[in-house]
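Scroll down for the structure; my scribbles are underneath it.
When reading the values below, keep in mind they use all heavy atoms of this one structure, side chains included, and skip hydrogens, waters and symmetry mates.
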Amino acid sequence: MDTAAATGLTFRDATDADVDALVALVESAYRGDSSRTGWTTEADILEGQRTDPEGVLAVIKSPASRLLTVERDGAVVACCQLEHRGDHAYFGMFAVSPALQGGGLGKVIIAEAERHAHETWGVAEMHMTVISAREDLIAWYERRGYRRTGKMTPFPYGDERFGIPQRDDLQFELLVKPLAQPAQ
């Protein structure tokens, strides 16, 4: 059974015409009071923007990336970035409409992203970075098979394109998931 069809979802590549809707979706899932409707909010640790039209358009235009746009009944309800990076794919810019969070939609989308990365690019791993203070979000990814690596990269303090930190201990942790079993 096709899980996407069963949930009424359509997956497609984002176009230039989607930029404003995708920026609004990402902002609503992570920043400000609207993000508090869902559980992925970062409003308590970051203010300001999560992304901007230039950042979204750069992902759409990059030949190594796809910005997977997810629609239900013609409305954009989720998105995620997939970027081919040699032997692995990078998963980012994952956003689900706050009103739809907690209903299993994220599980379907991440599974489709993993399937696509493995089948299209032949990659054996998916990588992502998550703010290490987001224990609830990291736990959700761990339940999807991702593992913490302990490899940290600093948060870009002072670059307001990524938000305005409300604490001084933010950093990103690399999470990794194998997508295919090696041949025996």
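- With sequence neighbours left out, Leu137 forms a side-chain contact (heavy atoms from CB on, under 4.5 Å) with Trp39, Val130, Arg134, Tyr141.
- The minimum heavy-atom distance between Arg12 and Glu71, with the atom names listed, is NH2-OE2, 3.0 Å.
- Considering every non-hydrogen atom in both Glu27 and Gly48, the closest pair reads OE1-O, 4.0 Å.
- Evaluation of the side-chain contact (heavy atoms from CB on, under 4.5 Å) rule for Gln171 yields Ser132, Met152 as partners, not counting sequence neighbours.
- Within a 6.0 Å radius of CD in Glu160, other residues, nucleotides and ligands contribute 12 heavy atoms or fewer.
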>> Go through it in stages, so that I can follow the logic: the residues are Arg31 and Glu42, the test is salt bridge (Lys or Arg N to Asp or Glu O under 4.0 Å), and I'd like the CA-CA distance, side-chain angles, deciding distance and then a yes or no.
In response: CA-CA 6 Å; Arg31 298 288 199 276; Glu42 295 173 342; 2.4 Å; yes

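- What you find for Tyr146 and Glu114 is that their closest heavy atoms are OH-OE2, 2.8 Å.
- Using a distance-only test at 3.5 Å, with no hydrogens or angles considered, a donor-acceptor pair links the side chain of Lys177 to the main chain of Arg144.
- Under the 4.5 Å side-chain heavy-atom criterion for ILVMFWY residues, no single connected hydrophobic cluster contains both Ile131 and Ile164.
- Counting only distance, with no hydrogens or angles, the side chain of Gln166 and the backbone of Asp44 share no donor-acceptor pair below 3.5 Å.
- Within the model, atoms OG1 of Thr15 and CG of Leu22 stand 8.5 Å from one another, a figure rounded to the nearest 0.5 Å.
- The backbone N or O of Pro156 sits nowhere less than 3.5 Å from a side-chain atom of Asp159 that would complete a donor-acceptor pair.
- A donor-acceptor distance shorter than 3.5 angstrom exists from the side chain of Thr120 to the backbone of His116, with no hydrogens or angles considered.
- In the displayed structure, Arg161 atom CZ is contacted under 6.0 Å by at most 12 heavy atoms of other residues, nucleotides or ligands.
- Annotation: Phe172 is in aromatic contact with Phe155 [ring centroid separation under 6.0 Å].
- A salt bridge does not link Glu112 with Lys107: none of the charged nitrogens is closer than 4.0 Å to a carboxylate oxygen.
- Residues Ile60 and Val19 come closest through the heavy atom pair CD1-CG2, 3.8 Å.
- When every heavy atom of Gly163 is checked against every heavy atom of Pro165, the shortest pair comes out as O-CD, 3.5 Å.
- Trp121 and His84 have parallel rings, their planes meeting at less than 30° on a 0 to 90° scale where 60° marks the start of perpendicular.
- Nearest heavy atom pair, residue Ser97 against residue Leu25, reads N-CD1, 3.6 Å.
- More than 12 heavy atoms of other shown residues, nucleotides or ligands fall within 6.0 angstrom of atom CG in Asp136.
- Atoms OH and CG, from Tyr157 and Asp168 in turn, are 6.0 Å apart once rounded to the nearest 0.5 Å.
- Note that NE2 of His118 and CE of Met126 are 11.0 Å apart. Values are rounded to the nearest 0.5 Å.
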>> Could you walk me through whether Tyr90 and Ser65 satisfy the side chain to side chain donor-acceptor pair (under 3.5 Å) test, starting with their C-alpha distance in whole Å, then the side-chain angles of each, then the deciding distance to 0.1 Å, before giving a yes or no?
In response: CA-CA 9 Å; Tyr90 178 80; Ser65 285; over 6 Å; no

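- Panel note: side chain Glu125, backbone Val176; no donor-acceptor pair is recorded below 3.5 Å.
- Rounding to the nearest 0.5 Å places CG of Leu57 at 5.0 Å from CG of Asp16.
- Under the side chain to side chain contact (heavy atoms under 4.5 Å, CB included) test applied with His127, the options Leu174, Asp87, Leu175 reduce to a single match, Leu174.
- Rounded to the nearest 0.5 angstrom, Gln81 CD and Phe94 CZ are separated by 13.0 Å.
- Under the 4.5 Å side-chain heavy-atom criterion for Ile, Leu, Val, Met, Phe, Trp and Tyr, Phe11 and Leu179 are members of the same hydrophobic cluster.
- Separating the CG atom in Leu46 from the CG atom in Leu170 is a distance of 5.5 Å, to the nearest 0.5 Å.
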